[in-house]
Amino acid sequence: MTSAQDHQPLTGEPHEVSRIGVVLVAAGRGERLGAGKPKAFVELGGRTLVEHCLRTVTSLPSGGHLVIVVPEHLAGETLRLVAAAEPTGANWEVSVTPGGRERHESVKFGVDALPEYADVVLVHDAARPLTPAALFARVAAEVRRTTDAVIPALPVVDTLKRVGADSIVHETVDRAPLVAVQTPQGFPRELLAAAHDRLGTGAHDDAADHPTDDAEVVQRAGGTVRTVPGESLAHKLTTPGDLALLEALLAAQNGDAR
């Protein structure tokens with residue numbers, strides 16, 4: 001079994017004054033995508049989603065430690081991807097650890113695997129492979145400024161309807177106070193770790209009661225969650241249609257769009 005101690009340093013030892021830890025959640029099955037593999041290992045522009053995220057995180061000048069949380073049977077493959085990576089920044093160390101049965105368990109395992117110096121933790125979904133480095137920096141800076149949980153958010157632009165099981169529209173929902181939430185989500189490490197400990201591993205058998213993001217885990221524990229502006233490039237891969245959109249965004253980003 002590959003543990004958090006199995007790692008591949010990218011450019012030497014981590015910088016001791018750097019305080020950022022990043023948990024990259026890549027343990028999801030991706031059943032709605034229908035790719036026959038976990039979606040973090042689907043290729044986008046010739047690289048897996050994990051590789052895209054790895055390159056972005058290690059470009060952050062702050063340095064720190066990145067933990068990639070993956071299905072246990074893919075830990076070895078992930079280590080090979082890390083070993084072959086071409087880092088764009090210095091002072092980053094990367095490790096790989098197996099995930100849990102549910103997302104919140106995987107995040108807890110990732111946080112537990114971070115070194116003690118990481119007092120600010122960013123949790124990011126590998127399913128958002130084109131998220132700009134600037135968004136990571138924006139979230140981390142706001143966590144430091146406020147010492148609260150911080151999440152990126154975009155205004156909801158579509159008209160929203162509340163629909164019953166019979167497919168009949170019951171009302172139009174006011175979209176003004178609503179936002180669409182993205183990752184990375186940032187937290188003081190002690191706040192996030194305590195919230196996950198309070199939630200417990202495997203404590204909720206009812207799937208409907210599982211938190212859908214780490215901000216909800218912290219809110220359940222009584223923490224304050226703030227928002228910063230999100231990014232359209234942080235689009236999440238869920239369905240085949242999303243993959244086509246991400247391919248187009250990547251091509252435009254690389255200057256290949258016609």
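- Counting heavy atoms from C-beta on, the side chains of Arg103 and Val25 come closer than 4.5 Å.
- Between Pro98 and Phe109, the shortest heavy-atom distance links the atoms O-CD1, 3.7 Å.
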* Report the C-alpha separation of His196 and Asp214 in whole Å, then their side-chain angles, then the decisive distance to 0.1 Å, and conclude whether the side chain to side chain donor-acceptor pair (under 3.5 Å) test is met. => CA-CA 9 Å; His196 274 286; Asp214 295 281; 2.9 Å; yes

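- Each of Val181, Thr183, Val218, Val228 was checked for a side-chain contact (heavy atoms from CB on, under 4.5 Å) with Ile151, and the lone residue meeting it is Val181.
- Panel note: side chain Glu51, backbone Thr48; a donor-acceptor pair is recorded below 3.5 Å.
- With a 4.5 Å cut-off on side-chain heavy atoms, His235 and Asp242 count as touching.
- Both Leu245 and Leu130 sit in one connected hydrophobic cluster of ILVMFWY residues. Membership requires side-chain heavy atoms under 4.5 Å apart, directly or through other members.
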* Asked: Is there a salt bridge (Lys or Arg N to Asp or Glu O under 4.0 Å) between Glu77 and Arg80 once you walk through the steps?
  -> CA-CA 5 Å; Glu77 178 180 340; Arg80 287 191 291 274; 5.1 Å; no

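- Here the straight-line distance linking atom NZ of Lys39 with atom OG1 of Thr239 works out to 9.0 Å at 0.5 Å rounding.
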* To do: Walk me through it: do Arg144 and Asp119 pass the test side-chain contact (heavy atoms from CB on, under 4.5 Å)?
  => CA-CA 10 Å; Arg144 291 204 180 284; Asp119 63 347; 3.8 Å; yes

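- At distances below 3.5 Å, not a single donor-acceptor pair connects side-chain atoms of Thr147 with backbone N or O atoms of Val143.
- Proximity of Glu105 to His210: side-chain heavy atoms (C-beta onward) are nowhere separated by under 4.5 Å.
- A continuous path of Ile, Leu, Val, Met, Phe, Trp and Tyr side chains, each step under 4.5 Å between heavy atoms, connects Leu233 with Leu44, placing both in one hydrophobic cluster.
- Leu237 places a side-chain heavy atom less than 4.5 Å from the side chain of Leu246.
- Counting heavy atoms from C-beta outward, Pro152 and Thr227 have side chains that stay 4.5 Å or more apart.
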Anything under 3.5 Å between a donor and an acceptor, one on a side chain of residues 155-169, the other on a protein residue two or more places apart or in another chain? List them.
{"from": "Lys161", "atom 1": "NZ", "to": "Thr172", "atom 2": "OG1", "distance (Å)": "2.7"}
{"from": "Arg162", "atom 1": "NE", "to": "Glu171", "atom 2": "OE2", "distance (Å)": "2.7"}
{"from": "Asp166", "atom 1": "OD1", "to": "Ile168", "atom 2": "N", "distance (Å)": "3.1"}

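- Considering only residues two or more places apart in sequence or on other chains, Asp112 meets the side-chain hydrogen bond (donor to acceptor under 3.5 Å, both in side chains) condition with Lys108.
- Closest heavy-atom contact between Val111 and Ala193: CG1-CB, 4.3 Å.
- Considering all non-hydrogen atoms of both residues, Ala26 and Pro71 come closest at O-CD, 3.4 Å.
- Sorted by first and then second residue, the salt bridge (charged side-chain N to carboxylate O under 4.0 Å, His left out) pairs involving residues 127-138 (not counting sequence neighbours) are Arg138-Glu231.
- In this structure, OG1 on Thr78 lies 3.5 Å from CZ on Phe41, to the nearest 0.5 angstrom.
- Rounded to the nearest 0.5 angstrom, Thr238 OG1 and Leu243 CG are separated by 11.0 Å.
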* Asked: Val67 and Leu24: side-chain contact (heavy atoms from CB on, under 4.5 Å), yes or no, with the steps?
  -> CA-CA 6 Å; Val67 174; Leu24 180 63; over 6 Å; no

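- With rounding to the nearest 0.5 angstrom, the SG atom of Cys53 is 12.5 Å from the CZ atom of Arg47.
- Between Val22 and Pro184 the shortest side-chain heavy-atom distance does not fall below 4.5 Å.
- The list of ring-ring contact (aromatic ring centres under 6.0 Å, His included) pairs with a residue in residues 127-155, not counting sequence neighbours, reads His124-Phe136.
- Thr97 approaches Gly110 most closely through the heavy-atom pair CG2-CA, 4.4 Å.
- In this structure, Leu192 CG and Arg189 CZ are separated by 9.0 Å, a value rounded to the nearest 0.5 Å.
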* Apply side-chain contact (heavy atoms from CB on, under 4.5 Å) to Thr56 and Thr131, showing your working. => CA-CA 8 Å; Thr56 298; Thr131 302; 5.8 Å; no

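- Closest approach of Leu54 to Val82, counting heavy atoms only: CD2-CA, 4.1 Å.
- With sequence neighbours excluded, the residues forming a side chain to side chain contact (heavy atoms under 4.5 Å, CB included) with Gln219 are Val225, listed by chain and number.
- Once rounded to the nearest 0.5 Å, the distance linking CD of Glu247 with CG of Leu250 reads 6.5 Å.
- With Asp125 contributing its side chain and Ala127 its backbone, the two residues share no donor-acceptor pair below 3.5 Å.
- Contact detail for Ala140 and Ile20: the closest heavy-atom pair is CB-CD1, 4.2 Å.
- A donor-acceptor pair under 3.5 Å is formed between the side chain of Trp92 and the backbone N or O of Leu60.
- In this structure the side chain of Phe187 never reaches within 4.5 angstrom of the side chain of Asp148, judged on heavy atoms.
- Listed by chain and number, the residues in a side-chain hydrogen bond (donor to acceptor under 3.5 Å, both in side chains) with Glu190 amount to none (sequence neighbours excluded).
- At least one side-chain heavy atom of Pro211 sits under 4.5 Å from a side-chain heavy atom of Leu199.
- Between the side chain of Arg220 and the backbone N or O of Ala195 there is no donor-acceptor pair closer than 3.5 Å.
- Leu154 is not connected to Leu249 by any chain of hydrophobic side-chain contacts under 4.5 Å among Ile, Leu, Val, Met, Phe, Trp and Tyr, and they are in different clusters.
- In this structure, Asn254 contributes its side chain and Ala251 its backbone to no donor-acceptor pair below 3.5 Å.
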